[in-house]
Amino acid sequence: MSKALQPVRGTRDLIGAEARLHQAVGDTARRIAGLYGFEEWFTPIFEDTRVFARGLGETSDVVSKEMYTFEDRGGESLTLRPENTAGVCRALVTNGLTQSLPQKVFYNGPMFRYERPQKGRYRQFYQIGMEVLGSAEPLSDAEVIAAGWHIIQALGIADGVVLEINTLGDAESRDAYRAALVAYFGAHEKKLSADSRVRLAKNPLRILDSKDEGDRQLVAAAPVITEFLTPAARAHHEAVLRQLAAFGVPLRENPRIVRGLDYYSHTAFEFVTDRLGAQGTVMAGGRYNGLVEEMGGPPTPSVGWAAGMDRLAMLMEAAGAAPAVVRPVAVLPMDEGAEARAIEAAQALRQAGETAVMEYRGNLKRRMERANKAGARAAVLVAADGALQWKDLVTGEQRGITLGDLGRG
RNA sequence: GCGGUCGUAGCUCAGCAGGUAGAGCGCCAGGUUGUGGUCUUGGAUGUCGCGGGUUCGAGCCCCGUCGAUCGCCCCA
């Protein structure tokens with residue numbers, strides 16, 4: 001045991017039920033995204049460090065203290081992606097797709113963040129995400145959110161999850177609001193928590209979602225973004241809310257929703273749950289109108305979200321929505337001479353789309369036991385003379401069949 | 001990065017004024033010379049996370065370390 005190597009802190013193996021859960025999340029999300037006309041993109045797991053430093057904001061926590069950044073043998077500064085929106089925007093630009101907008105993108109894969117691990121929070125974690133690149137229309141905001149809700153429903157976890165939505169307004173609205181917040185919290189600085197005093201200087205909006213009780217009381221009386229929205233920003237937000245209603249997505253307006261990454265503006269939303277302890281955010285995103293430009297492209301207004309597969313999988317498990325395991329048919333030779341014929345039978349089943357397993361060793365009793373443990377629903381018993389019998393492992397019934405019967409289930 | 005809790009067989013856990021470890025499940029073999037699930041008999045397995053210290057003696061005490069976990073921070 002002392003010599004056994006362990007997985008690196010914050011990483012783990014996905015095997016068995018956990019693997020199946022993750023697979024179900026990815027497959028379901030991909031399928032639903034397809035229903036909305038989104039196509040999957042595969043971008044590199046590491047990028048030029050500048051992709052993230054520029055995209056997410058140099059001062060954001062993710063960039064300033066959570067990235068896996070290293071120099072490769074050629075002396076380039078590379079970074080394991082901490083999220084995938086910046087990479088997708090970079091790919092849009094490098095592939096010349098800013099000429100054919102909008103692009104509707106789905107992705108699925110591992111992300112890396114150097115954080116203190118906790119349940120539902122890992123250093124290598126998995127995200128799915130959807131992005132609409134190149135549309136400023138409120139309908140694109142509403143549709144990606146609706147697709148996200150559709151996925152949550154399809155996973156069978158909608159019960160404990162609710163959409164909270166807010167707007168951060170455009171740059172003009174946001175600057176005015178930020179100034180108002182600084183003035184308000186500045187006047188009450190002595191009552192703020194230590195953390196929030198730091199936020200006041202660095203990112204005053206962040207005080208809004210503080211968990212500190214004292215902060216919360218101050219926040220309750222703080223100015224609200226809606227008072228500072230420009231007419232255009234207000235119109236956008238109202239249109240998004242209206243269309244979400246048309247999509248049938250239940251929501252709760254929450255003026256305290258804020259985003260941690262710098263690229264967001266206008267719509268900001270989170271699907272949250274109270275069933276995962278401190279890791280309550282399950283899917284989150286918003287509109288980002290400046291990111292593609294940061295990657296060297298033309299102004300390209302976009303919206304999207306990302307969701308933690310690990311958290312979705314945990315919710316599925318808690319909801320008893322775990323995917324069923326496929327029950328195979330076991331093909332068992334009764335004597336050594338029957339092996340070739342058994343292979344033929346197994347292949348016939350597989351050609352017909354049936355999952356077939358062959359136990360590799362032991363006498364018939366041993367193979368039967370293994371087939372049973374593997375959850376086989378039936379066994380095909382193969383005699384040396386080539387005769388086949390079908391044994392239903394649930395009822396125990398057994399009858400003679402021919403090779404041709406196997407193709408017909 | 002900060003604070004709390006925890007770490008014993010593959011899994012879930014018990015153990016104790018400090019005297020070098022147990023149960024259930026699982027696993028292996030038999031009861032059954034070609035047929036599983038139930039039942040039954042027997043068997044194997046741990047450097048008690050790792051390193052150091054205190055002690056005649058430590059799974060039980062102390063320190064460190066690694067990992068998990070809860071909260072903060074941050075975020076998906």
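Because the structure is predicted, anything quoted here is derived from the model rather than measured. The sequence lines fix the lettering, A, B, ..., with proteins before strands; numbering per chain opens at 1.
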Under a 3.5 Å cut-off for both contacts, is [N] paired Watson-Crick or G-U wobble with anything, and if yes, with which nucleotide?
{"N": "B:rU32", "answer": "none"}
{"N": "B:rA21", "answer": "none"}
{"N": "B:rU65", "answer": "B:rG49"}
{"N": "B:rC2", "answer": "B:rG71"}
{"N": "B:rC27", "answer": "B:rG43"}
{"N": "B:rG59", "answer": "none"}

Quick one: the side chain of [X] and the base of [N], do they pair up donor-acceptor inside 3.5 Å?
{"X": "A:R121", "N": "B:rC74", "result": "yes"}
{"X": "A:K391", "N": "B:rU35", "result": "yes"}
{"X": "A:R116", "N": "B:rG3", "result": "yes"}
{"X": "A:N372", "N": "B:rG37", "result": "no"}

I want to check something: taking the side chain as every heavy atom from C-beta on, are [X] and [Y] in contact at a cut-off of under 4.5 Å?
{"X": "A:N289", "Y": "A:D170", "value": "no"}
{"X": "A:T226", "Y": "A:P255", "value": "no"}
{"X": "A:K202", "Y": "A:D61", "value": "yes"}
{"X": "A:N166", "Y": "A:R256", "value": "no"}

Within the structure shown, what part of the strands sits under 4.0 Å from [X] by heavy-atom distance: base, sugar-phosphate, or nothing?
{"X": "A:Q118", "value": "base"}
{"X": "A:Q398", "value": "base"}
{"X": "A:G375", "value": "nothing"}
{"X": "A:Q389", "value": "base"}
{"X": "A:G129", "value": "nothing"}
{"X": "A:F271", "value": "nothing"}
{"X": "A:K65", "value": "nothing"}
{"X": "A:A371", "value": "nothing"}
{"X": "A:G285", "value": "nothing"}
{"X": "A:M111", "value": "nothing"}
{"X": "A:R311", "value": "base"}

Distance, [atom1] atom - from [M] to [N], rounded to whole angstrom:
{"N": "B:rG15", "M": "B:rA9", "atom1": "P", "value": "15 Å"}
{"N": "B:rG53", "M": "B:rC60", "atom1": "C1'", "value": "16 Å"}
{"N": "B:rG59", "M": "B:rG51", "atom1": "P", "value": "12 Å"}
{"N": "B:rA17", "M": "B:rG10", "atom1": "C1'", "value": "35 Å"}
{"N": "B:rU12", "M": "B:rA29", "atom1": "P", "value": "25 Å"}
{"N": "B:rG24", "M": "B:rU45", "atom1": "C1'", "value": "15 Å"}
{"N": "B:rU8", "M": "B:rC16", "atom1": "C1'", "value": "13 Å"}
{"N": "B:rG3", "M": "B:rC63", "atom1": "P", "value": "15 Å"}

What's the [atom1]-[atom2] distance between [X] and [N], to the nearest Å?
{"X": "A:D13", "N": "B:rC11", "atom1": "CG", "atom2": "P", "answer": "13 Å"}
{"X": "A:K365", "N": "B:rC28", "atom1": "NZ", "atom2": "P", "answer": "11 Å"}
{"X": "A:K211", "N": "B:rC74", "atom1": "NZ", "atom2": "P", "answer": "9 Å"}
{"X": "A:E369", "N": "B:rG26", "atom1": "CD", "atom2": "P", "answer": "13 Å"}
{"X": "A:R366", "N": "B:rG31", "atom1": "CZ", "atom2": "P", "answer": "12 Å"}
{"X": "A:Y107", "N": "B:rA76", "atom1": "OH", "atom2": "C1'", "answer": "9 Å"}
{"X": "A:E270", "N": "B:rC75", "atom1": "CD", "atom2": "C1'", "answer": "9 Å"}

If you only use heavy atoms from C-beta on, which nucleotide in [options] is closest to the side chain of [X]?
{"X": "A:L381", "options": "B:rC28, B:rC75, B:rU35", "answer": "B:rU35"}
{"X": "A:L364", "options": "B:rU35, B:rC73, B:rA68", "answer": "B:rU35"}
{"X": "A:R370", "options": "B:rC74, B:rU35, B:rC28", "answer": "B:rC28"}
{"X": "A:R199", "options": "B:rA29, B:rA76, B:rC74", "answer": "B:rC74"}
{"X": "A:D195", "options": "B:rU35, B:rC28, B:rC73", "answer": "B:rC73"}
{"X": "A:S210", "options": "B:rA76, B:rC73, B:rG34", "answer": "B:rC73"}
{"X": "A:V62", "options": "B:rA76, B:rU32, B:rC75", "answer": "B:rC75"}
{"X": "A:K119", "options": "B:rC74, B:rU69, B:rG34", "answer": "B:rU69"}
{"X": "A:M368", "options": "B:rU35, B:rC72, B:rA76", "answer": "B:rU35"}
{"X": "A:A306", "options": "B:rC28, B:rC73, B:rA76", "answer": "B:rA76"}

TODO: Salt-bridge test for A:D310 and A:R12: reply yes if a basic N is under 4.0 Å from a carboxylate O, no otherwise.
DONE: yes
Open item on the list: Please determine whether a side-chain nitrogen of the Lys or Arg among A:K373 and A:E359 lies less than 4.0 Å from a carboxylate oxygen of the Asp or Glu.
Closed with: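 Here A:K373 does not pair with A:E359 in a salt bridge, since their nearest N and O are not under 4.0 Å apart.
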- [ ] Quick one: classify the glycosidic conformation of B:rG34 as syn or anti, with syn meaning within 90° of 0.
- [x] syn
Open item on the list: Cation-pi check for A:F228 against A:R174: NZ or CZ below 6.0 Å from the six-membered ring centre and within 45 degrees of the axis, yes or no?
Closed with: no
TODO: Looking only at non-hydrogen atoms, find the nearest pair between A:F42 and A:E40 and report the distance.
DONE: CZ-CD, 3.4 Å
Task: Atom of A:S135, atom of A:S140 and distance for their closest heavy-atom approach - done: OG-OG, 3.1 Å
- [ ] Would you confirm whether A:R178, through its side chain, and A:P204, through its main-chain N or O, come within 3.5 Å as a donor-acceptor pair?
- [x] no
Open item on the list: Please compare A:Y114 and A:T281 by the position of their nearest nucleotide in RNA chain B and report the one closer to 5'.
Closed with: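 Upstream on the strand: A:Y114.
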Open item on the list: Please compare A:V8 and A:R113 by the position of their nearest nucleotide in RNA chain B and report the one closer to 5'.
Closed with: A:V8
